[in-house]
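As a basis for the values below, the full set of heavy atoms in this structure was taken, side chains included, without hydrogen atoms, waters or symmetry mates. Lettering of chains follows the sequences in order, A, B, ..., and the numbering in each one begins at 1. Just so it is clear, the model here is predicted, and its values are computed rather than measured.
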2 protein chains.
Amino acid sequence: MSQEPRGVELGTSLGYLLKEASSALRASMEAVLRPLGMTVTHYSCLELLAQRPGLSNSDLARGTFVSRQSMNVLLLALERDGFVTRPDKAPVGKALPTQLTALGRSRLASASAAVRAVEERMLGALDDASRLEARRILSGFVTSLTSGDT
Amino acid sequence: MSQEPRGVELGTSLGYLLKEASSALRASMEAVLRPLGMTVTHYSCLELLAQRPGLSNSDLARGTFVSRQSMNVLLLALERDGFVTRPDKAPVGKALPTQLTALGRSRLASASAAVRAVEERMLGALDDASRLEARRILSGFVTSLTSGDT
DNA sequence: TGACTCATGTCAACATTCTGACATAGGTTA
DNA sequence: TAACCTATGTCAGAATGTTGACATGAGTCA
């Protein structure tokens with residue numbers, strides 16, 4: 001250790017703090033998902049699929065913030081393990097609507113509970129008003145950052 | 001597109017929103033750093049080093065939320081390009097204190113300005129009170145999530 | 001109809017990061 | 001002193017993710 005315990009003026013950057021919080025959340029999620037034999041990427045995909053059945057590969061990629069190529073290899077694995085199913089042929093266009101299987105749903109259930117517990121721990125003693133404020137602030141970040149994107 | 005425009009109850013998860021904001025920030029940073037021939041990882045390392053000269057490889061890894069093996073390959077590249085320097089032998093223990101070179105400092109200057117502009121755009125119309133509130137909330141997230149870590 | 005644009009799925013090559021492992025330096029404690 | 005324990009740097013292998021590229025299906029518009 002070549003430095004004093006903790007940050008000085010680096011902690012004044014909200015961007016750094018945002019990254020720090022996001023990393024801490026991901027680490028905590030990985031910690032509770034590992035005993036269940038699941039990764040954060042797997043969970044994110046299944047959770048998204050549970051809330052919005054029939055999403056395509058590209059939809060899922062956007063929703064989990066990865067490239068559609070990465071999502072494709074993930075879906076192949078999930079398909080091989082029997083967690084999701086995709087039709088052989090696209091009903092319309094090229095998009096293949098993905099569906100959770102019963103096995104996928106049951107595996108997701110325990111993982112979802114674990115993740116929800118982590119999120120609740122993250123929110124800690126934040127009252128409802130503060131949670132609303134947090135949502136307002138974070139939503140503002142996203143819209144401000146993505147406003148210029150065509 | 002196999003779904004309606006935007007989220008429904010998925011947007012109620014502060015964890016998802018946190019990840020979304022962090023991803024948007026990283027994408028915006030990549031966009032402004034690419035013209036400068038720099039990646040987010042490079043910038044993070046240099047910025048950390050500018051604010052805390054003499055950090056070791058492991059220190060930098062912790063500060064940028066990557067493994068020390070990854071940081072090592074990054075430092076080798078930065079060293080090769082003449083942005084940082086490390087002594088051949090450790091002055092104490094095994095930790096090698098890293099220093100920015102003049103070239104590294106000058107390259108960092110423009111990148112730092114660009115990133116600061118992105119952060120300011122993210123904060124948008126947030127007044128000082130809201131920024132304080134944001135810092136309070138995000139700091140709370142980090143401490144709540146990492147409280148159980150020995 | 002035909003040309004154009006856009007989104008999608010998929011292939012290949014590359015880059016990045018991580019995990020596992022090992023030896024070493026320093027501190028702690030019996 | 002000697003036996004731990006922790007932290008560090010580094011090597012090797014594997015997993016994961018990305019970019020670039022291509023063909024296909026659907027909609028748009030002259």
Side-chain angles (χ1 to χ4, degrees), chain A residues 1-5 19 22-23 26-27 29-31 33-34 37-45 54-81 84-99 149-150, chain B residues 1-5 19 22-23 26-27 29-31 33-34 37-45 54-81 84-99 149-150:
Chain A
M1 214 65 50
S2 29
Q3 210 68 14
E4 51 272 13
K19 169 69 175 172
S22 184
S23 293
R26 187 179 183 93
M29 287 175 65
E30 276 171 352
L33 288 176
R34 186 169 309 120
M38 201 176 291
T39 68
V40 174
T41 320
H42 288 196
Y43 161 76
S44 302
C45 180
L55 282 193
S56 72
N57 178 24
S58 293
D59 290 331
L60 291 167
R62 273 188 295 269
T64 55
F65 313 103
V66 298
S67 66
R68 61 187 197 276
Q69 291 91 335
S70 297
M71 181 51 66
N72 191 37
V73 314
L74 173 59
L75 279 182
L76 287 175
L78 291 175
E79 220 170 357
R80 170 176 50 81
D81 295 343
V84 305
T85 48
R86 280 189 292 180
D88 295 340
K89 232 185 77 56
V92 56
K94 295 190 68 180
L96 299 173
T98 314
Q99 299 285 345
D149 302 0
T150 49
Chain B
M1 214 63 53
S2 27
Q3 210 69 12
E4 50 273 12
K19 168 70 175 172
S22 184
S23 293
R26 186 179 184 93
M29 286 174 65
E30 276 171 353
L33 288 176
R34 186 169 307 121
M38 201 176 292
T39 69
V40 174
T41 319
H42 288 196
Y43 161 75
S44 302
C45 179
L55 282 194
S56 71
N57 179 24
S58 293
D59 290 331
L60 291 167
R62 274 188 294 271
T64 55
F65 313 104
V66 298
S67 68
R68 62 186 197 274
Q69 291 90 336
S70 297
M71 180 51 67
N72 191 37
V73 313
L74 173 59
L75 279 182
L76 288 175
L78 291 175
E79 219 170 359
R80 170 178 49 81
D81 296 344
V84 305
T85 47
R86 280 189 292 180
D88 293 342
K89 230 184 79 55
V92 56
K94 296 189 67 179
L96 299 172
T98 314
Q99 298 286 346
D149 303 359
T150 51

Distance in angstrom units between B:Asp88 CG and D:dT8 P, rounded:
20 Å

Does a side-chain heavy-atom distance below 4.5 Å link B:Cys45 with B:Leu75?
yes

Within this structure, what is the CZ-to-P distance between A:Arg62 and C:dC6, rounded to whole angstrom?
15 Å

Can you confirm whether B:His42 sits close enough to B:Leu74 that some side-chain heavy atom of one is under 4.5 Å from a side-chain heavy atom of the other?
yes

Evaluate the side-chain proximity of A:Pro97 to A:Pro87: yes if any heavy-atom separation is below 4.5 Å, no if none is.
yes

Spell out, as yes or no, whether a donor-acceptor pair under 3.5 Å connects the side chain of A:Asn72 to the backbone of A:Gln69.
no

Would you confirm whether A:Thr98, through its side chain, and A:Leu55, through its main-chain N or O, come within 3.5 Å as a donor-acceptor pair?
yes

So A:Gln99 and A:Val84, do their side chains get closer than 4.5 Å, heavy atoms only?
no

Which atoms form the tightest heavy-atom contact between A:Arg68 and A:Ala61, and what is the distance?
CA-CB, 3.5 Å

A:Asp59 CG to C:dA7 C1': how many Å, rounded?
10 Å

Would you say D:dT8 has OP1 or OP2 under 4.0 Å from some side-chain N or O of B:Arg86?
no

What is the distance, to the nearest angstrom, from the OH atom on A:Tyr43 to the P atom on D:dT16?
19 Å

Spacing of A:Asn57 atom CG relative to C:dC11 atom P, expressed in whole Å
12 Å

Rounded to whole Å, CG of B:Leu96 lies from P of C:dA25 at a distance of 12 Å

Starting at CG of B:Leu76 and ending at C1' of D:dC11, how long is that distance when rounded to a whole Å?
12 Å

Report the residues that fulfil side chain to side chain contact (heavy atoms under 4.5 Å, CB included) with A:Arg26, sequence neighbours left out, ordered by chain and then residue number.
A:Glu30, A:Val40, A:Thr41, B:Lys19

Let me have a per-nucleotide readout for nucleotides 17-23 of chain C, 5' to 3', with B, S or -, counting only protein heavy atoms under 4.0 Å.
SBBBB-B

Length of the CE-P vector between B:Met38 and C:dT16, whole Å
14 Å

Tell me whether the OP1 or OP2 atom of D:dG9 has a side-chain N or O from B:Asn72 closer than 4.0 Å.
no

Determine to 10° how strongly the helix from C:dT1-D:dA30 to C:dA30-D:dT1 is bent, judged from the axes of its five-pair ends.
30°

Would you check if A:Arg86 and A:Asn57 make a side-chain contact, meaning some heavy-atom pair closer than 4.5 Å?
yes

